[in-house]
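A short write-up of the structure that comes next.
When reading the values below, keep in mind they use all heavy atoms of this one structure, side chains included, and skip hydrogens, waters and symmetry mates. Throughout, numbering of the chain's residues begins at 1 and tracks the sequence.
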Amino acid sequence: MAEPIRIVVTGAAGQIAYSLLYMIARGEVFGKDQPLILHLLDIPPMVGVLEGVVMELADCALPLLREVIPTTDPLVGFKDVSAAFLVGAMPRKEGMERKDLLSANVKIFKVQGEALDKVAKKDVKVLVVGNPANTNALVCANYAPSIPRENFSAMTRLDQNRAASQIATKLGVSINQVSNIIIWGNHSSTQYPDAAHGKVLIKDDWKSITAAVGNDAYLQGQFIETVQKRGAAVIGARKMSSAMSAAKAACDHMHDWWNGTAPGKFVSMGVFSDGSYGSPVGVVFSFPVEIKNKQWKIVEGLTISDFGKTKLGLTSKELEEEKNEALSVLDSESKL
């Protein structure tokens, strides 16, 4: 049996973590023979709830789970961790401007970045789930200069899973028969779900999704809108945000980052942009990536239609605005 690795989940008393912790502790992310020590980080008012979560993890009797460390101290939470799921963030409240949301989250992710920098392993893989995820990842990395920037990513896997599910349903196939759908840009309503490079397995043959669907108006209209607005639709129906599917997507994202992607398959991750596909350099932008030896690489050479270029332009503009707003908050913080 391997040595245990330490994994931290922030916002550990919250809804997403409630599903996520069980999936991680069962071995669905790091492997069925990889023992784990779970660090559960949350804010002081959540300590009581956190105790209940610790009890439930014990009662699950999970063979891989060696120890659970609940804490409100980031320096304990991030100590020697190999992977971090940053789930805890300030949610948008009614009447809240994006600037206010960014401002509240900059403070949270500054503290977490500093703690990661001080005490986490230098090859830690950091996944930001809490929104606005792309810009929170940017801020976090900014405060952890000793950890490579490519070790920070934002989650757009939920959007990819949503998009794949829509196509599978439309074509009447199972989800594992759909691959290489891309989410470009921001995890927000400006994201661009793109099926143009996607493939679907029909009668033992991988066909292009565009050809299989045979309806460009759907792929450029209803399909994109459904994916962009799916989070709001879930809240409308459930009266709570999408927690179970977000937890599953976080597991998928980290699983592939840890274990790699199959040849010819790519997945969507929010990573620091190098300017590929005309994206702004230095923002955290969702691209199609291939992963090998725990290193991601942006898939190059894909053809983008004029329609796609327009969509990429919109999400790029929003990410630049968010980055500038976050940097101005950081700047005013540093002057205090």
Side-chain angles (χ1 to χ4, degrees), residues 127 133-134 137 150 153-171 173 175-201 206-213 215-216 218-231 245 248-250 252-253 255-257 260-280 283-292 296-319:
L127 167 59
N134 296 56
E150 56 268 26
S153 70
M155 188 171 88
T156 51
R157 186 58 170 267
L158 177 54
D159 309 302
Q160 181 193 309
N161 287 351
R162 287 167 169 166
S165 164
Q166 292 301 313
I167 296 296
T169 303
K170 179 93 175 156
L171 293 173
V173 299
I175 196 78
N176 59 350
Q177 290 170 253
V178 176
S179 79
N180 292 8
I181 290 180
I182 300 166
I183 304 297
W184 298 97
N186 200 3
H187 174 61
S188 75
S189 59
T190 68
Q191 63 172 269
Y192 172 37
D194 175 13
H197 305 279
K199 299 264 190 278
V200 58
L201 185 63
W206 286 98
K207 295 182 164 58
S208 96
I209 286 173
T210 310
V213 171
N215 183 344
D216 286 354
Y218 165 76
L219 289 174
Q220 294 183 1
Q222 188 190 336
F223 164 68
I224 290 174
E225 267 183 46
T226 302
V227 178
Q228 286 176 337
K229 295 177 179 171
R230 186 68 164 185
S245 54
K248 163 66 167 52
D252 290 346
H253 178 124
H255 174 275
D256 289 349
W257 199 358
T261 50
K265 298 278 173 82
F266 43 78
V267 293
S268 299
M269 279 171 69
V271 296
F272 273 96
S273 166
D274 60 358
S276 293
Y277 299 101
S279 60
V283 300
V284 172
F285 196 94
S286 182
F287 292 101
V289 301
E290 293 169 319
I291 305 163
K292 206 172 172 181
W296 55 264
K297 184 174 170 289
I298 296 169
V299 176
E300 292 172 354
L302 300 175
T303 310
I304 311 292
S305 65
D306 288 342
F307 172 81
K309 284 175 185 164
T310 306
K311 292 286 183 194
L312 284 176
L314 289 172
T315 199
S316 293
K317 182 170 178 283
E318 182 181 60
L319 277 169

>> Go through it in stages, so that I can follow the logic: the residues are Ile167 and Phe223, the test is side chain to side chain contact (heavy atoms under 4.5 Å, CB included), and I'd like the CA-CA distance, side-chain angles, deciding distance and then a yes or no.
In response: CA-CA 8 Å; Ile167 296 296; Phe223 164 68; 3.8 Å; yes
> Trp184 vs Phe287 aromatic rings, parallel, tilted or perpendicular, using cut-offs 30° and 60°?
Replying inline: perpendicular
>> With a sphere of 6.0 Å drawn around CD of Gln222, does it hold more than 12 non-hydrogen atoms of other residues, nucleotides or ligands?
In response: no
> Between the main-chain N or O of Lys317 and the side-chain N or O of Asn186, is there a donor-acceptor pair closer than 3.5 Å?
Replying inline: no
> So which heavy atom on Phe266 is nearest to which on Glu290, and how close?
Replying inline: CB-CG, 4.1 Å
>> One pair to check against side chain to side chain contact (heavy atoms under 4.5 Å, CB included): Asn176 and Leu201. What are the steps and the verdict?
In response: CA-CA 9 Å; Asn176 59 350; Leu201 185 63; over 6 Å; no
> Could you give the distance from CG (Leu127) to CE (Met269), rounded to the nearest 0.5 Å?
Replying inline: 8.0 Å
> According to the interplanar angle, ranging from 0 to 90°, do the rings of Phe307 and Tyr192 count as parallel (below 30°), tilted (30 to 60°) or perpendicular (above 60°)?
Replying inline: perpendicular
> When you measure from the side chain of Thr315 to the backbone N and O of Gly185, does any donor-acceptor pair fall under 3.5 Å?
Replying inline: no
>> Please give me the minimum heavy-atom distance between Val267 and Thr261, naming the atom from each residue.
In response: CG2-CG2, 3.9 Å
> Between Ser273 (side chain) and Val283 (backbone), is there a donor-acceptor pair under 3.5 Å?
Replying inline: no
> Going through the checks in order, is the side chain to side chain donor-acceptor pair (under 3.5 Å) test met by Glu318 and Thr190?
Replying inline: CA-CA 8 Å; Glu318 182 181 60; Thr190 68; 2.7 Å; yes
>> Before you tell me yes or no, could you show the steps for Val178 and Leu171 under side chain to side chain contact (heavy atoms under 4.5 Å, CB included), namely the whole-Å CA-CA distance, both residues' side-chain angles and the distance that decides it to 0.1 Å?
In response: CA-CA 10 Å; Val178 176; Leu171 293 173; 5.9 Å; no
>> What verdict does the side chain to side chain contact (heavy atoms under 4.5 Å, CB included) test give for Leu312 and Phe285, after you've listed the backbone C-alpha separation in whole Å, the side-chain angles of each residue and the deciding distance to 0.1 Å?
In response: CA-CA 10 Å; Leu312 284 176; Phe285 196 94; 4.0 Å; yes
> For Lys311 and Ile224, which heavy atoms make the closest approach, and how far apart are they?
Replying inline: CE-CD1, 4.4 Å
> Hey, does the Lys NZ or Arg CZ of Lys170 hover above the aromatic six-ring of Tyr218, less than 6.0 Å from the centre and inside 45° of the axis?
Replying inline: yes
>> Using modelled atom types and a 3.5 Å cut-off, is there a donor and acceptor pairing between side-chain atoms of His197 and backbone atoms of Thr303?
In response: yes
>> Using every non-hydrogen atom in the two residues, find where Met155 and His253 come nearest and quote the distance to one decimal.
In response: CA-ND1, 4.1 Å
